[in-house]
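Quick caveat: nothing in here was measured; it's all calculated off a predicted structure. We name chains A, B, ... by the order of the sequence lines, and we start the count at 1 in each one.
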There are 2 protein chains.
Amino acid sequence: MPNLSDMTTINPTALLKENGLKHTRQRVRVLEEIALDTVAISQPELEKKLGKEIDRVTLYRILNIYQDKGILHRIMDMNGTANYAICSAACSEDHHHDDHVHFNCTSCLKIYCLEVKAPHLKMPHGFKAVTTNTTAYGICEKCNQQEPEDSAALQ
Amino acid sequence: MPNLSDMTTINPTALLKENGLKHTRQRVRVLEEIALDTVAISQPELEKKLGKEIDRVTLYRILNIYQDKGILHRIMDMNGTANYAICSAACSEDHHHDDHVHFNCTSCLKIYCLEVKAPHLKMPHGFKAVTTNTTAYGICEKCNQQEPEDSAALQ
DNA sequence: TACTAAATGCAATACATTTGCAAAAACTCG
DNA sequence: CGAGTTTTTGCAAATGTATTGCATTTAGTA
């Protein structure tokens, strides 16, 4: 059960209008579900939650359009599965400001968007970086609390 | 054709022995092919090159075992496909020192292992990072040279 | 309210990866 | 060196994630 303090307050209807997207039941539901938690949610998890209301293909299409518009950002986990989280207000179709650090818990597999800003990297001559993706792997706060005496058991 | 200076000199037979792995034709071929270039190679590319000599499933198994042993490291590209590169000598089964920056070219899709060391990140309270993965996306040296006057065409 | 364009659902397909199992190859010990 | 044991390989089938084509439905609008 998500902590209320984690809840990102968004207005799906307004967000859709701002981005020139039609208002549909499915699109609103996806936004509602993703906004429940700041922790990124994977496509399979979303499908598990919404699969009875929304067709799998529709879900993929909505997620893609949201990413294109800069509403969601996509983080690949270590298995190559897409995870999604609400973008900060600064994101737009033209440019994703997805420059914060992600934390991928190797125990519960959740992906957190940390407040830590990704450091600027100096590229070698000839390489022009446009965006940077920084993900730390380890044990998250919750998993550290749950098994303080036996955290080695899982790894 | 790979530049000779890119060629990582490894001894497949010795490497297998060091890691307690049986010496098979397939395992040697995979090491040879990956050592040809410092640029990471994707599973599909490897399969294209080796598919007539090695079964697809065997290739997957070899790549997994090499990653487990710390011989190769795996980098996920933006499509969630696995890419592999030779680990530095410091890597072992117990711990991957995969702390350099990767550069994923959005034009040719190649993944480079840069000499740039990934910066240390300060984690929030309760989060314990074990490894960090930093990938920069942009246009690589070669692609910048190839189309200096019209680099916007592909993106 | 009827029209038009866009979004949805369904079926089929593509692609990466894994699993089960029998056949083949690699170490090893007498 | 050759039989025996174990590991690895190849093939077939299955799983999981994501995309495409097309007919139907729905949203926004005139």
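Contacts of Y60(A) classified as ring-ring contact (aromatic ring centres under 6.0 Å, His included), with partners at least two apart in sequence or in another chain: none. Listed by chain and number, the residues in a side chain to side chain contact (heavy atoms under 4.5 Å, CB included) with M76(A) are R74(A), A82(A) (sequence neighbours excluded). Every residue meeting the side chain to side chain contact (heavy atoms under 4.5 Å, CB included) condition with V28(A), not counting sequence neighbours, appears here in chain and number order: P12(A), L16(A), H23(A), E32(A).
For the segment residues 53-60 of chain B, residues with any heavy atom less than 4.0 angstrom from an atom of DNA chain C are, sorted by number, R56(B), V57(B), Y60(B). For DNA chain C, the neighbouring residues in residues 23-33 of chain A, judged by any heavy atom under 4.0 Å, are T24(A), R25(A), Q26(A), R27(A).
Side-chain contact between H73(B) and C113(B) is present, with heavy atoms from C-beta onward closer than 4.5 Å. Residues L36(A) and I41(A) form no side-chain contact, since every pair of their non-hydrogen atoms from C-beta on lies 4.5 Å or further apart.
In this structure, D77(B) reaches neither bases nor backbone, as no heavy-atom distance under 4.0 Å exists between it and the strands shown.
Closest approach of Y66(A) to R27(A), counting heavy atoms only: OH-O, 2.8 Å. Across every non-hydrogen atom of F103(B) and I139(B), the tightest pair is CZ-O, 3.5 Å. The two residues A85(B) and T38(B) make their nearest non-hydrogen contact at CB-O, 4.4 Å. The nearest pair of heavy atoms linking C105(A) to C140(A) is SG-N, 3.4 Å.
As rounded to whole Å, 15 Å separates atom P of dT8(D) from atom CG of L63(B). If you take CD1 of I65(B) and C1' of dT7(D), they are 9 Å apart, rounded to a whole angstrom. Taking atom CG of N79(A) as the reference point, atom P of dT17(D) lies 9 Å away to the nearest angstrom. Atom CD1 of I41(A) and atom P of dT17(D) are 13 Å apart (whole Å). When the C1' atom of dT17(D) is taken as reference, atom CE of M78(A) falls 17 Å away, rounded to whole Å. Atom CG of L21(A) and atom C1' of dA27(D) are 13 Å apart (whole Å). Look at CZ on R61(A): it is 13 Å from C1' on dT25(D), rounded to the nearest Å.
No donor-acceptor distance shorter than 3.5 angstrom exists from the side chain of R56(A) to the backbone of E47(A), with no hydrogens or angles considered.
Protein chain A contacts DNA chain C from dA5(C) to dA11(C), reading 5' to 3' and using non-hydrogen atoms of the protein with a distance under 4.0 Å.
In terms of position along DNA chain D, the nucleotide closest to I62(B) lies nearer the 5' end than the nucleotide closest to the other residue of the pair I62(B) and A82(A). Map K22(B) and T81(B) each onto its nearest nucleotide of DNA chain C; the residue landing nearer the 5' end is T81(B).
Note on K49(A) versus E45(A): no salt bridge recorded, every NZ/NE/NH1/NH2 to OD/OE distance being 4.0 Å or above.
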